[in-house]
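Input: a single structure, listed below in structure tokens.
Just the heavy atoms: all of them, side chains too, but no hydrogens, waters or symmetry mates, feed the values below. Keep in mind that what you see is a predicted model, and the values were worked out from it rather than measured. Counting begins at 1 with the first residue of the sequence.
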Amino acid sequence: QVQVVESGGGLVQPGGSLRLSCAASGSIFSINAMGWYRQAPGKQRDLVAHITSVGSITYAGPVKGRFTISRDNAKNTVYLQMNSLKPEDTAVYYCNVAALPGGGRWVENYWGKGTLVTVSS
């Protein structure tokens, strides 16, 4: 009953910027955390950034100083502002939501379908 939808991906030049959005909807009692992961062809899915409902933030080393994660708890939405993009950032970016569903007894993990970010000149 919980849906996760990403948006904002696209083609950008090196040094450019993009802002990704992820909205969770459906029967949600509460959200513990939301995060962004990315996966390039032939590689594992890795954490990009993570934020809890009270604002604790974690970044992966390669994106520190370039990416910023933020959230709007009232809208169940998380954002990823990506600046100074590099070709190495090219990947499918997935949103993850750790939430207690309505009527549930424990936190569940939900994934979006991903949005493609391509950094190329």
Side-chain angles (χ1 to χ4, degrees):
Q1 295 197 37
V2 177
Q3 295 81 46
V4 178
V5 180
E6 306 99 332
S7 62
L11 174 64
V12 296
Q13 293 183 300
S17 298
L18 280 176
R19 189 178 78 152
L20 306 183
S21 298
C22 169
S25 61
S27 183
I28 301 170
F29 182 80
S30 63
I31 293 177
N32 281 19
M34 303 180 80
W36 290 95
Y37 293 72
R38 66 186 182 186
Q39 186 169 24
K43 295 190 175 183
Q44 69 176 15
R45 187 175 299 185
D46 292 327
L47 173 72
V48 176
H50 173 274
I51 186 168
T52 72
S53 61
V54 295
S56 298
I57 294 172
T58 299
Y59 292 105
V63 310
K64 289 180 180 177
R66 299 189 297 122
F67 292 9
T68 302
I69 190 169
S70 61
R71 82 279 184 260
D72 185 335
N73 289 345
K75 296 182 178 180
N76 292 154
T77 298
V78 65
Y79 306 95
L80 186 68
Q81 178 66 47
M82 304 186 294
N83 298 325
S84 301
L85 283 162
K86 303 175 180 179
E88 306 94 277
D89 297 318
T90 296
V92 176
Y93 284 70
Y94 296 92
C95 180
N96 174 264
V97 179
L100 180 66
R105 295 180 178 179
W106 49 78
V107 172
E108 301 279 359
N109 204 51
Y110 303 94
W111 290 93
K113 295 180 180 178
T115 185
L116 177 63
V117 172
T118 302
V119 185
S120 176
S121 59

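In this structure, Thr52 contributes its side chain and Ala33 its backbone to no donor-acceptor pair below 3.5 Å. Under the 3.5 Å distance criterion, the side-chain polar atoms of Glu6 are left unmatched by any main-chain donor or acceptor of Cys22. The closest donor-acceptor contact from the side chain of Asn96 to the backbone of Asn109 lies at 3.5 Å or more, if one exists at all. Panel note: side chain Tyr59, backbone Ile69; a donor-acceptor pair is recorded below 3.5 Å.
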Give the intermediate values and the outcome of side-chain contact (heavy atoms from CB on, under 4.5 Å) for residues Met82 and Trp36.
-> CA-CA 12 Å; Met82 304 186 294; Trp36 290 95; over 6 Å; no

When you look at Ser17 and Val12, which way does the side-chain contact (heavy atoms from CB on, under 4.5 Å) test go after all the steps?
-> CA-CA 7 Å; Ser17 298; Val12 296; over 6 Å; no

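Relative ring orientation between Phe67 and Tyr93 is described as tilted, the plane-to-plane angle lying within the 30° to 60° band.
The minimum heavy-atom distance between Leu100 and Gly104, with the atom names listed, is CD1-O, 3.7 Å. Residues Tyr79 and Ser21 approach most closely at CD2-OG, 3.3 Å, considering heavy atoms. Across every non-hydrogen atom of Leu85 and Arg66, the tightest pair is CA-NH1, 3.9 Å. Heavy atoms only, all atoms of each residue included: Ala49 and Leu80 are closest at CB-CD1, 4.2 Å. Taking both residues in full, the closest heavy atoms of Ser70 and Val78 are given as O-CG2, 3.1 Å, listed atom of the first, atom of the second, then distance. Listed here is the closest heavy atom pair of Ser53 and Arg71: O-NH2, 3.6 Å.
The distance from the CZ atom of Arg19 to the CG atom of Asn83 is 11.5 Å, given to the nearest 0.5 Å. Between the NZ atom in Lys64 and the OG1 atom in Thr58 there is a gap of 8.5 Å [rounded to 0.5 Å].
Counted within 6.0 Å of CD on Gln1, heavy atoms from surrounding residues, nucleotides or ligands total 12 or fewer; the atom is thus considered open.
Hydrophobic clustering of Ile, Leu, Val, Met, Phe, Trp and Tyr side chains at less than 4.5 Å, counting indirect connections, keeps Met34 apart from Tyr37. Hydrophobic cluster membership differs between Leu20 and Trp111, with clusters built from Ile, Leu, Val, Met, Phe, Trp and Tyr side chains linked at under 4.5 angstrom. Residue Val2 is grouped with residue Ile51 when hydrophobic side chains (ILVMFWY) are merged at heavy-atom distances under 4.5 angstrom, including chains of intermediate members.
For the side-chain contact (heavy atoms from CB on, under 4.5 Å) with Arg38, the qualifying choice from Asp89, Val117, Val92, Thr90 is Asp89, the only one to do so.
Looking at heavy atoms from C-beta onward, Ser7 lies out of side-chain contact with Val5 at the 4.5 angstrom threshold.
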